[in-house]
Colleague: 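Structure below; questions to follow.
Note that these values count all heavy atoms, side chains included, but never hydrogens, waters or copies made by symmetry. What you see is a predicted model, and the numbers here were worked out from it, not measured in a lab.
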Amino acid sequence: MSIHGNVVSRDSCPDCGSSDNVAVYENGYAKCFGQGCGYWKGNKNEASSDSPSVVPDRSSGTPDRRASPMIPVEYLPLTKRGISAETCRLFKYGIGEKHDGTPVQVAQYGNAQKFRTADKKFSWSNREAGTPLFGRHLWKPQKRLVITEGEIDCLSYAEAVDRKWPVVSVPDGAGSAKRAVEEAIDWISQFEEVVIMFDMDEAGQQAAQEVAEILPPGKALLATLPRKDPNQTLLEVGAGELVRAVFQAKPFHPAGIVEGLDL
C-alpha cells in the first residue's frame with residue numbers, strides 16, 4: 001500500500017489524455033502512471049516518495065540525487081497575453097506557487113520546471129544538461145518549424161495558428177539560442193524550412209543570425225515582425241500578422257553571398 005493509502009478510484013489525466021491512468025488515493029493525492037507522463041496532484045508542501053522526484057542532475061556534475069518534487073500547476077488562460085487555456089494545456093505552461101509561496105508561471109520541460117515570476121525573474125527546478133527546446137515533444141518533423149526566443153512567444157504563435165503548426169522556443173532566451181539549437185540540430189534539420197522568429201531588438205536579431213548560420217544551407221528563413229516580439233504582435237495587430245510574418249520570411253544568406261534575384 002502507498003503511503004497515501006489505498007487507491008480509491010481511477011481517473012483521466014489532464015496532461016497526457018489517458019482515460020484511466022491517474023490513481024486517486026485516500027488522502028486526495030493523485031498520480032498518473034501513463035508512460036512518460038509526470039502529472040501528479042497533492043499537497044503543495046508535501047514531498048513524498050510517490051511524487052516524481054528522482055532525476056539525474058548532470059548540470060552540476062554531481063551524481064544522481066533526490067530532486068525537488070514538481071509543483072502542481074493549473075492550466076489557465078493568460079488573458080493579458082491573449083493566450084487560451086487550451087494552448088497552455090497543450091504545451092504544459094501553467095500557473096503555480098513555489099514551495100516558498102511565490103506565485104509563478106511554470107513551463108514544463110520533461111521532469112524539469114522553469115519558473116517565471118511577475119517581475120520576470122527566472123529559475124529552474126530539477127534541470128538537467130541538454131534541456132530540450134520548449135514544445136519539442138509535440139511535433140514530428142514536417143515541412144516547416146518556427147523557432148521563437150521564449151515560451152510566451154512560442155505560445156503566441158501556437159495561438160495564432162490554432163495549435164496546428166510546429167513551433168518551439170529556446171529555453172534561455174537569445175543569449176544561449178545558438179547552443180540550444182546546436183544541441184537539437186539533428187531533429188531541427190529534418191524540417192524542410194526553419195523560420196527564426198526572434199525579438200526585433202538588437203540582441204534578438206544577432207541571435208537569429210547566429211542560429212541561421214549553423215542550420216543546413218537553404219533551410220533558414222528570418223521573420224520580420226511589425227512589433228517587438230511575437231506576443232506583442234499578437235496583442236496589438238492580431239494573429240494574421242504573425243502568420244504573414246512566417247510566410248513572408250526571407251531566406252538567410254551567409255555574409256558575402258548574394259543571389260541574382262537580389263541584385
Colleague: Tell me, with the steps shown, if Glu159 and Ser84 meet side-chain hydrogen bond (donor to acceptor under 3.5 Å, both in side chains).
Modeller: CA-CA 7 Å; Glu159 188 74 25; Ser84 67; 2.9 Å; yes

Colleague: In the structure I gave you, are the side-chain heavy atoms of Glu151 and Gln105 within less than 4.5 Å of one another anywhere?
Modeller: no

Colleague: Are the side chain of Trp124 and the backbone N or O of Ala112 linked by a donor-acceptor pair below 3.5 Å?
Modeller: no

Colleague: Rounded to the nearest 0.5 Å, how far does NZ of Lys228 lie from CD of Glu236?
Modeller: 11.5 Å

Colleague: Might you confirm whether atom CD of Glu182 has over 12 heavy atoms from other residues, nucleotides or ligands at distances under 6.0 Å?
Modeller: yes

Colleague: If you draw a 6.0 Å radius around CD in Glu202, do more than 12 non-hydrogen atoms from other residues or ligands fall strictly inside?
Modeller: no

Colleague: Given Ser169 and Leu133, is the side chain to side chain contact (heavy atoms under 4.5 Å, CB included) satisfied, shown in steps?
Modeller: CA-CA 6 Å; Ser169 79; Leu133 300 171; over 6 Å; no

Colleague: Please identify which of these residues, Leu235, Thr233, Leu234, Leu242, meets the side-chain contact (heavy atoms from CB on, under 4.5 Å) condition with Arg227.
Modeller: Thr233

Colleague: Is any side-chain heavy atom of Asp172 closer than 4.5 Å to a side-chain heavy atom of Arg179?
Modeller: yes

Colleague: Got Arg144 and Glu192 here, is their nearest side-chain heavy-atom distance under 4.5 Å?
Modeller: no

Colleague: In this structure, would Val73 and Phe122 fall into the same cluster of hydrophobic residues linked by side-chain contacts under 4.5 Å?
Modeller: no

Colleague: Working note: Lys143 + Glu193, criterion side chain to side chain contact (heavy atoms under 4.5 Å, CB included); need CA distance, chi angles, decisive distance, verdict.
Modeller: CA-CA 6 Å; Lys143 179 175 177 56; Glu193 299 176 350; 3.8 Å; yes

Colleague: Using side-chain heavy atoms (C-beta onward) and a distance below 4.5 Å, is Cys154 in contact with Tyr93?
Modeller: no

Colleague: Under a 4.5 Å cut-off applied to non-hydrogen side-chain atoms, are Ile147 and Phe191 in contact?
Modeller: no

Colleague: Determine yes or no for a side-chain-to-main-chain donor-acceptor pair under 3.5 angstrom, with Asp199 supplying the side chain and Asp201 the backbone.
Modeller: no

Colleague: Ring centroids only, cut at 6.0 angstrom: are Phe134 and Tyr109 within range, meaning strictly under it?
Modeller: yes

Colleague: Rounded to the nearest 0.5 Å, what separates atom CG in Asp153 from atom CZ in Phe198?
Modeller: 10.0 Å

Colleague: Pick out which of Met197, Met200, Lys250 makes a side-chain contact (heavy atoms from CB on, under 4.5 Å) with Thr224.
Modeller: Met200

Colleague: Between Ser125 and Gln113, does the side-chain hydrogen bond (donor to acceptor under 3.5 Å, both in side chains) criterion hold? Intermediate values first, please.
Modeller: CA-CA 5 Å; Ser125 174; Gln113 291 180 312; 5.0 Å; no

Colleague: Dump the intermediate steps for side chain to side chain contact (heavy atoms under 4.5 Å, CB included) on Glu213 and Lys178, then the final yes or no.
Modeller: CA-CA 9 Å; Glu213 288 173 356; Lys178 180 180 178 180; 5.8 Å; no

Colleague: Heavy atoms, side chains only, cut-off 4.5 Å: are Ile83 and Asn231 in contact?
Modeller: yes

Colleague: Is there a donor-acceptor pair closer than 3.5 Å between any side-chain N or O of Gln108 and the backbone N or O of Gly110?
Modeller: yes

Colleague: For Ile152 and Arg116, what are the C-alpha separation, side-chain angles and deciding distance, and is it a side chain to side chain contact (heavy atoms under 4.5 Å, CB included)?
Modeller: CA-CA 11 Å; Ile152 293 294; Arg116 174 186 176 127; 3.9 Å; yes

Colleague: Would you mind reporting whether Leu215 and Ser189 have side-chain heavy atoms less than 4.5 Å apart?
Modeller: no

Colleague: Taking the side chain as every heavy atom from C-beta outward, state whether Ile196 and Phe252 have any atom pair closer than 4.5 Å.
Modeller: no

Colleague: Hey, could you give me the OH/CZ distance between Tyr157 and Arg163, rounded to the nearest 0.5 Å?
Modeller: 13.5 Å

Colleague: Name the one of Gln205, Gln209, His253 that satisfies side-chain contact (heavy atoms from CB on, under 4.5 Å) with Leu222?
Modeller: Gln209

